[in-house]
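Only one structure is covered here, and it is reproduced in the block below.
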Amino acid sequence: MPTLLHLDSSPRGERSVSRQLTRDFAAAWKQAHPGGEIIYRDLGHNPVPFVSEIFIAAAFTPPDGLSPELHAAIAVSNELVAELQTATEYLFGVPMYNFSVPAAFKAYIDQIVRVGQTFTVGESGYKGLLTDRKATIITSSGGVYRAGSPAAPYNLQEPWIRTIFGFIGITDLDFIVADGLTEVELGKRDREQYLKPIREQIAALAA
Ligand SMILES: Cc1cc2nc3c(=O)[nH]c(=O)nc-3n(C[C@H](O)[C@H](O)[C@H](O)COP(=O)(O)O)c2cc1C
């Protein structure tokens with residue numbers, strides 16, 4: 001069954017542009033996949049824990065050697081990894097924060113990049129395990145960082161997302177970029193008019 005893992009990482013609610021756009025994508029996806037299932041995770045409002053010393057010990061202990069305490073330390077991580085393994089497609093809403101990603105999204109990545117679970121290390125090096133899955137990343141930012149623009153070198157968001165997802169095997173990525181939002185926030189551009197072409201792009205992609 002097609003299964004979409006839909007994740008939001010903006011702490012904002014109705015004002016959030018990335019949330020609004022992932023919601024549009026999920027609705028279009030559901031129409032295109034009437035029998036499909038959507039798993040939803042709201043990192044912006046329900047962040048996952050930071051990794052801790054006991055988490056690290058547990059993550060590097062073989063499953064059959066885990067004490068109840070170690071097992072508990074990676075219970076959330078196991079749940080998050082299981083969602084990624086179950087899903088056949090991913091949808092992530094990720095605002096740009098300080099040229100990178102919100103801490104809630106980074107905390108999620110720290111929970112899911114796990115040896116033996118989402119990547120392996122062998123004689124030929126690292127191998128990502130979440131292959132054959134497509135991801136759509138919807139980013140939002142106040143400024144504009146597209147290739148060729150003066151601020152492009154400051155964009156540590158998209159290259160990092162590509163690198164870390166590639167590391168765990170997710171290489172089929174589509175980015176939908178809602179940038180230049182400062183003008184919308186300041187009321188210099190109408191939000192609905194701004195969103196219209198992006199929504200059309202989303203409808204085409206989700207279908
Ligand atoms: C803490 C914080 C840091 C931000 N850092 C940047 C930044 O480095 N570059 C940028 O263009 N916009 C930055 N912004 C603006 C957000 O990317 C923009 O408001 C975006 O729409 C937020 O996503 P959301 O609408 O889904 O909440 C920042 C906003 C906040 C609250």
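Side chains are part of it too, since the values below use all heavy atoms of this structure and drop only hydrogens, waters and symmetry mates. As the structure lists them, so they are numbered: ligands from 1, and atoms in each ligand from 1.
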For [atom], what is the closest protein heavy atom, and at what distance to 0.1 Å?
{"atom": "atom 23 (O) of ligand 1", "answer": "Ser140 OG, 2.8 Å"}
{"atom": "atom 21 (O) of ligand 1", "answer": "Leu181 CD1, 3.4 Å"}
{"atom": "atom 26 (O) of ligand 1", "answer": "Ser18 OG, 2.5 Å"}
{"atom": "atom 2 (C) of ligand 1", "answer": "Tyr97 CD1, 3.6 Å"}
{"atom": "atom 18 (C) of ligand 1", "answer": "Gly142 N, 3.9 Å"}
{"atom": "atom 5 (N) of ligand 1", "answer": "Asn98 N, 2.8 Å"}

How are the rings of Phe119 and Phe167 set to each other: parallel, tilted or perpendicular (split at 30° and 60°)?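 Judged by the thresholds at 30° and 60°, the geometry between Phe119 and Phe167 is tilted.
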For ligand 1, which atoms sit closer than 4.0 Å to a heavy atom of [X]?
{"X": "Gly143", "result": "10 (C), 11 (O)"}
{"X": "Phe99", "result": "7 (C), 8 (O)"}
{"X": "Pro95", "result": "22 (C), 23 (O), 26 (O)"}

Is the ring centre of Tyr97 less than 6.0 Å from the ring centre of Phe105?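 Aromatic pair excluded; centres sit 6.0 Å or further apart.
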Are the charged groups of Asp42 and Arg19 less than 4.0 angstrom apart, N to O?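 Yes, charged N to carboxylate O under 4.0 Å.
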Inspect the contact between Glu158 and Arg146 and indicate whether a charged nitrogen and a carboxylate oxygen are less than 4.0 angstrom apart.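 Between Glu158 and Arg146 there is no salt bridge, as every charged N stays at least 4.0 Å from the carboxylate O atoms.
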Applying a 4.0 Å heavy-atom criterion (strictly less than), which segment of [X] is in contact with ligand 1: side chain, backbone, both, or neither?
{"X": "Tyr145", "value": "side chain"}
{"X": "Val17", "value": "both"}
{"X": "Ser10", "value": "side chain"}

Using atom types as modelled and distance alone, determine if a side-chain donor or acceptor of Gln157 lies under 3.5 Å from a backbone N or O of Val94.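 Between the backbone of Val94 and the side chain of Gln157 there is a qualifying donor-acceptor contact (under 3.5 Å).
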What is the minimum heavy-atom distance between Tyr154 and Phe99, and which atoms define it?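 That closest heavy-atom pairing would be O-CB, 3.1 Å.
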Minimum distance, heavy atoms only, to atom 13 (C) of ligand 1: which one of Met96, Glu185, Arg12 is it?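 The residue whose heavy atom sits nearest atom 13 (C) of ligand 1 is Met96.
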Supply the atom-to-atom distance [X] [atom1] to [Y] [atom2], rounded to the nearest 0.5 angstrom.
{"X": "Thr131", "Y": "Asp172", "atom1": "OG1", "atom2": "CG", "answer": "11.5 Å"}
{"X": "Tyr40", "Y": "Ile38", "atom1": "OH", "atom2": "CD1", "answer": "11.0 Å"}
{"X": "Gln20", "Y": "Glu192", "atom1": "CD", "atom2": "CD", "answer": "5.5 Å"}

